[in-house]
Amino acid sequence: MFDTLSDRLAATFKNLRGKGRLSEADIDATAREIRIALLEADVALPAVRAFIRQVKERALGAEVSQALNPAQQVIKIVNEELIGILGGQTRRLRFAKTAPTVIMLAGLQGAGKTTLAGKLGHWLKGQGHAPLLVACDLQRPNAVNQLAVVAERAGVAVYAPEPGNGVGDPVQVAKDSIEFARSKQYDVVIVDTAGRLGIDAELMQQAADIRDAVSPDEVLFVVDAMIGQDAVNTAEAFRDGVGFDGVVLSKLDGDARGGAALSVAHVTGKQVMFASNGEKLDDFDAFHPDRMASRILGMGDMLSLIEKAEQTFSQDEAEKMAAKLAKGPKEFTLDDFLSQMEQVRKMGSISKLLGMLPGMGQIKDQINNLDERDVDRTAAIIKSMTPAERQDPTIINGSRRARIAKGSGVDVSAVKNLVERFFDARKMMSRMAQGGGMPGMPGIPGMGGGAGKKKKQIKQAKGKRQSGNPMKRKAEEQAAAERREQQAANPLGLPAGQDAQNFELPEEFKKFMG
């Protein structure tokens with residue numbers, strides 16, 4: 001969603017790099033470019049004005065003028081102000097001292113409240129809670145049935161005593177659900193209310209009546225992140241009419257400009273608490289302003305990636321795998337390869353996972369074009385092999401390849417390519433386990449070159465002598481500073497003059513990705 005904004009900001013910061021000092025004119029030009037980028041992203045004008053004012057005040061102050069690297073200091077300021085406009089600190093759910101905790105969802109019709117109720121229930125269940133979904137949307141056709149289906153998929157309970165479709169009293173249903181939750185020992189009640197087509201006075205009053213009936217601990221306003229500044233207008237009207245405690249962004253994976261996400265917290269004074277960024281139940285998590293700002297600026301989101309890995313991978317399994325690789329590459333079999341792939345797949349979309357890595361914005365087109373079905377095809381090929389073939393792929397000859405291809409519904413060449421990729425992956429993983437880094441990726445710390453190459457570079461650096469001529473030495477130091485800037489701006493180690501749009505992955509990495 002923030003690709004266009006990220007590209008514009010990256011281009012703006014690129015113009016600052018290499019400058020030893022920043023004049024007031026440089027800062028004004030940078031602020032102008034950032035303002036245009038934010039307005040093009042459909043960020044609300046009051047939020048843009050406040051953001052630019054803060055950035056300019058800080059950029060013209062001592063923290064930039066006295067900095068060793070003014071360009072990086074400006075990026076730091078923009079990052080901190082982005083975090084501020086997104087809400088600052090991560091806002092957690094408030095739980096009631098005495099169960100059940102009541103969470104009421106509200107918003108426009110079509111914002112995705114019912115689906116989000118299931119995602120929130122699934123997320124809370126993963127946190128160790130016992131949630132109950134309550135069907136209080138008795139206006140929209142089949143809303144009750146939809147909530148029941150979503151609850152079943154999420155593996156949580158649903159309370160739906162009325163059929164809906166215009167039948168039943170939503171306020172009474174909400175009241176009764178609290179007693180039902182207490183009797184069945186559900187500790188969280190999620191109330192799904194009717195959506196509004198614009199600012200509907202009757203349904204707004206109904207939402208207020210439900211709020212008064214159940215006294216929710218949290219009222220969450222669900223807003224479609226794709227509808228731009230209109231989301232902010234609706235949020236303000238709902239805040240004044242019913243009131244809410246936090247915001248949930250739905251459809252954050254869309255291709256709209258994303259201004260609502262950057263505007264709603266600033267304009268309404270209520271923080272974004274959760275974000276939904278896909279269709280699956282797992283595509284939902286707490287909203288972290290600092291991580292979102294980092295993604296917008298192309299710095300990746302390593303903390304979220306690590307959290308996903310910790311939730312998916314077993315510590316015991318990881319230790320066993322590390323021990324296997326330490327013994328030697330031949331200990332790593334196709335069964336292990338399949339197991340690792342399935343674990344990665346549980347973490348979510350491979351494209352999204354790669355997008356969390358720093359610097360990957362330079363090759364985002366290639367990442368977006370990755371075929372997620374390749375993992376399923378690879379799994380089918382491996383499962384068509386015999387245990388002996390998985391243990392020792394070197395025995396797979398022509399006739400065996402033909403049999404495996406027929407069993408998995410692929411071409412013989414696909415089986416051959418998989419075996420070759422497996423051997424490459426095995427070498428790479430063994431090398432990484434021994435601290436050698438990933439071949440062909442010299443720009444990423446811990447993933448490039450090898451120890452020998454590093455030692456050679458250090459030796460060369462130590463052996464290089466500075467010129468005794470002050471002017472020549474200053475020129476050498478300036479050239480070295482420019483090289484460091486280029487390396488910082490080019491985390492993937494692109495060759496000089498290489499267009500990032502036409503950049504191709506290294507052969508070793510390309511084979512591993514399929």
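For the pair Phe95 and Val188, the tightest heavy-atom approach, listed with the atom from each and the gap, is CE2-CG2, 4.2 Å. Looking at every heavy atom in both residues, Gly118 comes nearest to Ala154 through O-CB, 3.5 Å. Closest of all the heavy-atom pairs between Ala194 and Gln206 is CB-OE1, 3.8 Å. Scanning both residues, Ala151 and Ala157, for their nearest heavy atoms gives CB-O, 4.4 Å. Minimum heavy-atom separation, Ala207 to Met104: O-CE, 3.2 Å. Closest approach of Tyr186 to Pro131, counting heavy atoms only: CD2-O, 3.9 Å.
At a threshold of 4.5 Å between non-hydrogen side-chain atoms, the residues Pro100 and Arg182 count as touching. Taking 4.5 Å as the limit, some side-chain heavy atom of Pro216 sits within range of a side-chain heavy atom of Arg211. Val167 places none of its side-chain heavy atoms less than 4.5 Å from the side chain of Leu138.
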Report task. Tell me, with the steps shown, if Arg153 and Leu281 meet side chain to side chain contact (heavy atoms under 4.5 Å, CB included). Result -> CA-CA 8 Å; Arg153 283 177 50 214; Leu281 287 169; 4.0 Å; yes

Requested in this report: Evaluate the side chain to side chain contact (heavy atoms under 4.5 Å, CB included) criterion for residues Leu93 and Leu124: first the C-alpha distance (whole Å), next the side-chain angles of each, then the deciding distance (0.1 Å), finally the verdict.
Outcome: CA-CA 10 Å; Leu93 274 175; Leu124 285 167; 4.0 Å; yes

Query raised in the report: Step by step, would you call Lys113 with Asp137 a salt bridge (Lys or Arg N to Asp or Glu O under 4.0 Å)?
Result: CA-CA 10 Å; Lys113 290 190 306 303; Asp137 182 357; 5.5 Å; no

Requested in this report: Kindly determine whether Val144 and Glu162 satisfy side chain to side chain contact (heavy atoms under 4.5 Å, CB included), including the steps that lead there.
Outcome: CA-CA 8 Å; Val144 175; Glu162 298 289 353; over 6 Å; no

**Report entry** Worked verdict on Lys270 versus Phe221 for side chain to side chain contact (heavy atoms under 4.5 Å, CB included)
**Finding:** CA-CA 10 Å; Lys270 304 296 183 182; Phe221 180 70; over 6 Å; no

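Distance check, rounded to the nearest 0.5 Å: OG1 of Thr115 to CG of Leu120 gives 12.5 Å. Here the OG1-CG distance, from Thr101 to Asp217, works out to 5.0 Å after rounding to the nearest 0.5 Å. Atom CZ of residue Arg58 and atom CD of residue Glu80 lie 4.5 Å apart, to the nearest 0.5 angstrom. How far NE2 of His288 is from CE of Met273: 11.5 Å, rounded to the nearest 0.5 Å. Going from atom OH of Tyr159 over to atom CG of Asp192 covers 15.0 Å, rounded to the nearest 0.5 Å. Atoms CG and CZ, from Leu147 and Arg140 in turn, are 9.5 Å apart once rounded to the nearest 0.5 Å.
Note: Phe284 and Trp123 have perpendicular aromatic rings, judged against thresholds of 30 and 60 degrees for the angle between ring planes.
Under the side chain to side chain contact (heavy atoms under 4.5 Å, CB included) test applied with Val272, the options Val223, Thr90, Leu249, Val248 reduce to a single match, Leu249.
Formation of a donor-acceptor pair under 3.5 Å by the Asn145 side chain with backbone atoms of Asn142 is not found in this model. The main-chain N or O of Leu105 is found under 3.5 Å from a side-chain atom of Thr193 such that the two form a donor-acceptor pair. Remark: the backbone N or O of Gly246 is not paired with any side-chain donor or acceptor of Arg91 at under 3.5 angstrom. No donor-acceptor pair closer than 3.5 Å links the side chain of Lys125 to the backbone N or O of Val156. With hydrogens and angles ignored, the 3.5 Å screen pairs a side-chain donor or acceptor of Asp187 with a backbone N or O of Ala130.
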With a cut-off of 3.5 Å and sequence neighbours excluded, list every side-chain donor-acceptor pair involving residues 30-37.
residue: Thr30; atom: OG1; partner: Asp26; partner atom: O; Å: 2.9
residue: Glu33; atom: OE1; partner: Arg8; partner atom: NH2; Å: 3.3

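For Arg49, the CZ atom is loosely surrounded, since the number of other residues' heavy atoms within 6.0 Å does not exceed 12.
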